[in-house]
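Below, all heavy atoms of this structure are taken into account, side chains as well, without hydrogens, waters or symmetry copies. If you're wondering where the values come from, they're calculated on a predicted model, not measured in any experiment.
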Amino acid sequence: MSNHDVNQQFNQRRSALMAAAGASRRSDGTYAATVGYDRGEVIGRDGLDTSLGRAALYTSTPAWHGLGNVIPGGTTDIDSVLKLAGISFQVEKRPARYEWAGGSRVMDDRWITVRDDTGAALGTVGGRYQVLQQREIFTFLEDLVAEHGVVWESAGALRGGRRVFVTMQIPASVIIDRGGLDDEVKLFVVVVNSHDASSQAEAVVTPWRVVCGNTERFALADARSRWSIRHTSGALENLNEARRTLGLTVRYAASFETEETALARTNLAIDQFHQLVAGLWPLDEDASDRARTIATNRHDRLDAMFRSETERAGRTAYAAERAVTDYLDHVAPRRPGRTMTEEIARATALIEGTDDDLKTKAHQKLMLLRR
C-alpha cells in the first residue's frame with residue numbers, strides 16, 4: 001500500500017532545508033541560516049508559544065523543528081492533551097483602561113483578553129465578544145473520539161497563546177482503489193481558536209496535521225470541510241450544531257474515496273492527458289514565441305510526470321490528477337519576492353490557494369471521463 005502523507009513530505013523537505021542551512025532557532029520562533037548564501041536570512045518560523053519556558057506543543061509524531069512533548073501513538077485523553085500542549089490556561093475579559101490626567105479611565109465597550117497563568121494580554125475585544133475556553137471549544141470533539149475511537153494527534157498554542165489548535169486523525173484512512181492501487185490518503189480534523197478577535201473559531205477537515213504556524217496555515221487553506229464559530233453569546237449553540245454535523249467528516253471521507261477510486265479505475269490515453277493539459281492552460285492563436293516556449297516546456301514536463309505516475313498508478317485518470325497536482329504544488333514556476341526563497345513562494349501559493357481553481361477544474365474534467 002502506498003501512502004500520500006503531506007505531513008511527512010513537508011517535514012522531510014523542511015528538515016533537509018534546515019540541515020543544509022545550519023538553521024538556528026531564535027527567541028521569536030524564527031530560524032535563521034548560519035551558512036551558505038542565505039546566511040542570516042530567516043528561512044522558517046514555527047510560531048509556537050514559549051510563555052512558560054518551553055514550546056507549547058503536544059504531538060503524536062515528531063515535527064521538523066524537534067520541539068514539544070511527543071507521545072508516540074498519541075492519547076485519547078483531552079485533559080492530558082491540554083496539559084502537555086501548554087494550553088490548559090483560562091482566558092478572562094478585563095476592562096480596557098487608560099491613564100488620563102493622573103487618573104485611570106475605562107473605555108466603553110472595550111475589553112482586554114488576558115491569560116490567567118501569565119497575565120499576558122492577548123487582544124482587545126468588544127463587549128459582545130464571548131471567550132471560548134480551550135476546554136469548551138475542544139469538548140465538542142470528544143463525542144467524535146468516543147464514537148469513532150480517534151486519538152489526538154497534536155495540540156498547542158501560537159503567538160503567545162493568541163491562537164490555539166488541536167488536531168485529530170479521522171479513524172478510517174481513505175484508501176483509493178481498495179484491493180487494487182490501495183493508495184492511502186490521511187485526513188485530519190483541526191480546530192483552531194483565537195483569543196484576540198482576529199478570527200472566528202474554526203473546525204476544518206484537511207490532510208494537514210498541525211504542528212506549527214506553517215501547518216496551521218496550510219490546514220486552513222487546504223480544508224476539505226469547514227465549520228466556523230463566532231465568539232458571541234450564541235457560540236455554545238453553534239458548538240452543539242457543529243457536534244451534530246461532525247458525522248459529515250466521515251461521510252466526506254467516504255465520498256472522497258469513492259470519487260478518487262472512480263478515477264483510479266478510469267483508463268486515460270496519453271492523447272487524452274494532453275487534451276486535459278491544453279484545456280487547463282489554453283494557448284491563444286496569436287501567442288508570443290515566449291508563451292509558446294513556456295507552454296511547450298510545461299507540456300513536456302507534465303507528460304513526463306504523467307508517464308512516471310502511470311508506472312505506479314497505471315494509465316488512469318487518477319494518475320493524471322496526481323501529475324497535475326504534483327506539478328502545481330512542487331514544479332510550476334514561482335516568482336519569489338525579494339525577501340522570499342522559491343520554497344517560501346511555493347508555500348505561500350499553497351497557503352493562499354493560488355491553484356485551487358485549476359485543481360478543481362482538472363478534477364471535474366477527469367470525473368466526466370469516469371466509467
Next item on the list: Give a yes or no on this: more than 12 heavy atoms of other residues, nucleotides or ligands lie within 6.0 Å of atom NZ of Lys83.
Entry: no
Next item on the list: Inspect the contact between Arg135 and Asp79 and indicate whether a charged nitrogen and a carboxylate oxygen are less than 4.0 angstrom apart.
Entry: yes
Notebook entry, point to check: Would you call Asp303 and Arg307 a salt bridge, taking side-chain N to carboxylate O under 4.0 Å as the test?
Noted result: yes
Next item on the list: Might you work through the salt bridge (Lys or Arg N to Asp or Glu O under 4.0 Å) test for Arg178 and Glu257, ending with a clear yes or no?
Entry: CA-CA 9 Å; Arg178 291 175 183 269; Glu257 179 176 323; 2.6 Å; yes
Checklist line | Connected hydrophobic set around Leu368, excluding itself, where side chains approach under 4.5 Å | finding: none
Note to self: side-chain hydrogen bond (donor to acceptor under 3.5 Å, both in side chains) for His195 and Gln133? Distances and angles first, verdict last.
What the structure shows: CA-CA 9 Å; His195 292 303; Gln133 307 292 352; 5.7 Å; no
Note to self: With a sphere of 6.0 Å drawn around CZ of Arg298, does it hold more than 12 non-hydrogen atoms of other residues, nucleotides or ligands?
What the structure shows: yes
Next item on the list: Applying side-chain hydrogen bond (donor to acceptor under 3.5 Å, both in side chains) between Ser199 and each of His231, Arg163, Arg162, report the one that passes.
Entry: Arg163
Check: Any side-chain heavy-atom pair from Thr310 and Thr316 closer than 4.5 angstrom?
Finding: no
Note to self: Do Thr118 and Leu52 have side chains that approach each other closer than 4.5 Å (heavy atoms only, starting at C-beta)?
What the structure shows: yes
Next item on the list: Check salt bridge (Lys or Arg N to Asp or Glu O under 4.0 Å) between Arg115 and all other residues, then give those that pass, not counting sequence neighbours.
Entry: Asp49, Asp117
Margin query: If you apply the rule side chain to side chain contact (heavy atoms under 4.5 Å, CB included), what do you find for Trp281 with Ile294, and how did you get there?
Written below: CA-CA 11 Å; Trp281 289 277; Ile294 292 174; over 6 Å; no
Checklist line | Min side-chain heavy-atom separation Ile71-Leu84 under 4.5 Å | finding: yes
Next item on the list: In plain terms, say whether Arg312 and Asp183 are close enough for a salt bridge, that is, a side-chain N and a carboxylate O under 4.0 Å apart.
Entry: yes
Checklist line | Minimal non-hydrogen separation, Asp177 against Ala264, with atom names | finding: CB-CB, 3.9 Å
Margin query: I'd like to know whether CG of Asp289 has more than 12 heavy-atom contacts from other residues, nucleotides or ligands below 6.0 angstrom.
Written below: no
Next item on the list: Before giving the answer on salt bridge (Lys or Arg N to Asp or Glu O under 4.0 Å), spell out for Asp196 and Arg159 the whole-Å C-alpha distance, their side-chain angles and the decisive distance to 0.1 Å.
Entry: CA-CA 10 Å; Asp196 60 358; Arg159 305 170 195 170; 5.8 Å; no
Note to self: Please check if the number of heavy atoms outside Arg292 that lie under 6.0 Å from its CZ is greater than 12.
What the structure shows: yes
Checklist line | Euclidean distance, Met305 CE relative to Asp300 CG, rounded to 0.5 Å | finding: 13.0 Å
Check: Is any side-chain heavy atom of Asn267 less than 4.5 Å from a side-chain heavy atom of Arg315?
Finding: no
Next item on the list: For the residue pair Leu366 and Leu268, establish whether any side-chain heavy-atom pair is separated by less than 4.5 Å.
Entry: yes
Item checked: Full working for side chain to side chain contact (heavy atoms under 4.5 Å, CB included) between Tyr318 and Ile176 -> CA-CA 9 Å; Tyr318 180 69; Ile176 310 303; 3.9 Å; yes
Margin query: So Phe165 and Ser154, do their side chains get closer than 4.5 Å, heavy atoms only?
Written below: yes
Note to self: If you compare all heavy atoms of Ala56 against all heavy atoms of Gly86, which two are closest, and at what distance to 0.1 Å?
What the structure shows: CB-O, 4.3 Å
Notebook entry, point to check: Do you know which two heavy atoms are closest between Ala362 and Val324, and how far apart they sit?
Noted result: CB-CG1, 4.2 Å
Notebook entry, point to check: Can you check whether Arg370 reaches Arg265 side chain to side chain, under 4.5 Å on heavy atoms?
Noted result: no
Margin query: So which atom in Leu122 and which in Gly161 form the shortest heavy-atom distance, rounded to 0.1 Å?
Written below: CD1-O, 4.0 Å
Next item on the list: Could you check if a side-chain atom of Tyr58 sits within less than 4.5 angstrom of a side-chain atom of Trp152, using non-hydrogen atoms only?
Entry: yes
Notebook entry, point to check: What closest approach, in Å, do Leu283 and Ala287 show between heavy atoms, and which atom pair accounts for it?
Noted result: CD1-CB, 3.5 Å
